[in-house]
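First up is the structure itself, then whatever we jot down about it.
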Amino acid sequence: MRTNAMIACQLTSICNSPKMVSTQKSRVQVIMKMSYQPIVKRTQVSDHNPETNLSQLVLTLHDGTQLRLFDNNGKKSINRLLTMPCPICRKDFYCNCFNRFVDVIDEQLSKEDWKEE
(Lines give C-alpha, C1' and ligand atoms only; values in the text may rest on other atoms or scores of the structure.)
Protein backbone atom coordinates (compact mmCIF):
# COMPACT_ATOMS: atom_id res chain seq x y z
CA MET A 1 0.00 0.00 0.00
CA ARG A 2 1.38 3.38 -0.97
CA THR A 3 1.03 6.37 1.29
CA ASN A 4 0.68 9.99 0.22
CA ALA A 5 4.27 10.67 1.30
CA MET A 6 5.56 7.87 -0.92
CA ILE A 7 3.57 9.13 -3.90
CA ALA A 8 4.79 12.69 -3.32
CA CYS A 9 8.35 11.36 -3.13
CA GLN A 10 8.05 9.59 -6.43
CA LEU A 11 6.55 12.60 -8.13
CA THR A 12 9.21 15.03 -7.00
CA SER A 13 12.19 12.62 -7.05
CA ILE A 14 13.49 13.61 -3.62
CA CYS A 15 13.03 10.27 -1.87
CA ASN A 16 16.68 9.94 -0.94
CA SER A 17 17.08 13.40 0.52
CA PRO A 18 17.86 13.39 4.28
CA LYS A 19 15.05 15.86 4.95
CA MET A 20 12.39 13.55 3.51
CA VAL A 21 13.72 10.49 5.35
CA SER A 22 13.76 12.35 8.69
CA THR A 23 10.21 13.62 8.08
CA GLN A 24 8.95 10.08 7.51
CA LYS A 25 10.71 8.84 10.68
CA SER A 26 9.19 11.61 12.80
CA ARG A 27 5.71 10.75 11.51
CA VAL A 28 6.21 7.13 12.53
CA GLN A 29 7.33 8.21 16.01
CA VAL A 30 4.25 10.43 16.42
CA ILE A 31 1.95 7.56 15.43
CA MET A 32 3.69 5.25 17.91
CA LYS A 33 3.25 7.76 20.76
CA MET A 34 -0.46 8.09 20.03
CA SER A 35 -1.04 4.36 20.47
CA TYR A 36 -0.82 4.41 24.29
CA GLN A 37 -3.08 1.80 25.88
CA PRO A 38 -3.56 2.13 29.66
CA ILE A 39 -3.93 -1.14 31.57
CA VAL A 40 -5.08 -0.98 35.20
CA LYS A 41 -2.97 -3.17 37.50
CA ARG A 42 -4.14 -2.08 40.95
CA THR A 43 -7.02 -0.11 42.46
CA GLN A 44 -7.47 1.42 45.88
CA VAL A 45 -10.50 3.31 47.22
CA SER A 46 -9.30 6.75 48.22
CA ASP A 47 -12.50 8.39 49.41
CA HIS A 48 -16.26 7.86 49.31
CA ASN A 49 -18.89 10.40 50.33
CA PRO A 50 -22.39 8.85 50.25
CA GLU A 51 -23.97 12.21 51.04
CA THR A 52 -22.85 13.76 47.74
CA ASN A 53 -22.36 10.43 45.92
CA LEU A 54 -18.72 11.28 45.17
CA SER A 55 -16.17 8.45 44.99
CA GLN A 56 -12.45 8.47 44.33
CA LEU A 57 -10.13 5.65 43.32
CA VAL A 58 -6.36 5.67 43.10
CA LEU A 59 -5.28 3.53 40.15
CA THR A 60 -1.87 2.18 39.26
CA LEU A 61 -1.30 1.42 35.58
CA HIS A 62 0.98 -1.15 33.97
CA ASP A 63 3.77 1.42 33.51
CA GLY A 64 3.65 2.68 37.12
CA THR A 65 1.60 5.80 36.42
CA GLN A 66 -0.80 6.64 39.23
CA LEU A 67 -4.17 8.24 38.55
CA ARG A 68 -7.09 9.47 40.62
CA LEU A 69 -10.46 8.55 39.10
CA PHE A 70 -13.50 10.51 40.29
CA ASP A 71 -17.11 9.35 40.01
CA ASN A 72 -19.57 12.16 40.70
CA ASN A 73 -23.14 10.87 40.16
CA GLY A 74 -22.07 8.83 37.14
CA LYS A 75 -19.88 11.54 35.60
CA LYS A 76 -16.30 10.34 35.62
CA SER A 77 -13.13 12.40 35.42
CA ILE A 78 -9.46 11.59 35.88
CA ASN A 79 -6.29 13.29 37.16
CA ARG A 80 -2.74 12.04 37.00
CA LEU A 81 -0.85 12.01 40.30
CA LEU A 82 2.52 13.70 39.91
CA THR A 83 4.65 10.72 40.94
CA MET A 84 6.28 10.43 37.49
CA PRO A 85 6.11 12.23 34.13
CA CYS A 86 3.13 11.65 31.88
CA PRO A 87 3.76 8.61 29.65
CA ILE A 88 1.89 10.29 26.77
CA CYS A 89 3.25 13.84 26.58
CA ARG A 90 6.24 13.44 28.96
CA LYS A 91 5.31 16.56 30.91
CA ASP A 92 6.25 16.65 34.58
CA PHE A 93 3.31 18.85 35.56
CA TYR A 94 -0.45 18.75 35.18
CA CYS A 95 -1.77 17.77 31.76
CA ASN A 96 -5.10 16.53 30.41
CA CYS A 97 -3.80 13.58 28.40
CA PHE A 98 -5.72 10.92 30.34
CA ASN A 99 -9.10 12.63 29.84
CA ARG A 100 -9.51 10.80 26.54
CA PHE A 101 -8.91 7.43 28.29
CA VAL A 102 -11.59 7.74 31.00
CA ASP A 103 -13.95 5.31 29.23
CA VAL A 104 -11.16 2.82 28.46
CA ILE A 105 -9.99 2.80 32.07
CA ASP A 106 -13.53 2.65 33.47
CA GLU A 107 -14.29 -0.45 31.36
CA GLN A 108 -11.44 -2.26 33.13
CA LEU A 109 -12.97 -1.65 36.59
CA SER A 110 -15.69 -3.65 38.30
CA LYS A 111 -18.35 -2.56 40.80
CA GLU A 112 -16.33 -4.14 43.63
CA ASP A 113 -13.41 -1.81 42.91
CA TRP A 114 -15.60 1.17 43.91
CA LYS A 115 -16.66 -0.30 47.28
CA GLU A 116 -14.79 0.51 50.47
CA GLU A 117 -13.27 -2.34 52.39
Can you tell me if R80 uses its side chain to pair, donor with acceptor, with the backbone of F93 under 3.5 Å? yes

For a quick test of reading the model, state the closest non-hydrogen atom pair linking [X] to [Y] and the distance between them.
| X | Y | value |
| --- | --- | --- |
| D106 | K76 | OD1-CE, 3.2 Å |
| R100 | I88 | NH2-CG2, 3.3 Å |
| Q37 | H62 | O-CE1, 3.2 Å |
| H48 | S55 | ND1-OG, 2.7 Å |

I want to check something: taking the side chain as every heavy atom from C-beta on, are [X] and [Y] in contact at a cut-off of under 4.5 Å?
| X | Y | value |
| --- | --- | --- |
| F101 | L61 | no |
| I78 | N99 | yes |
| N53 | N72 | no |
| L69 | W114 | yes |
| C89 | Y36 | no |

Step-by-step side-chain contact (heavy atoms from CB on, under 4.5 Å) determination, L57 to V45: CA-CA 5 Å; L57 284 179; V45 176; 3.7 Å; yes

Hey, what do you get for CD (E107) to CG (L109), rounding to the nearest 0.5 Å? 10.0 Å

Using the test side chain to side chain contact (heavy atoms under 4.5 Å, CB included), find all partners of Q108 that sit at least two apart in sequence or belong to another chain. I39, V40, V104

side-chain contact (heavy atoms from CB on, under 4.5 Å) with L59: of T43, T65, L81, only one passes, and it is T43

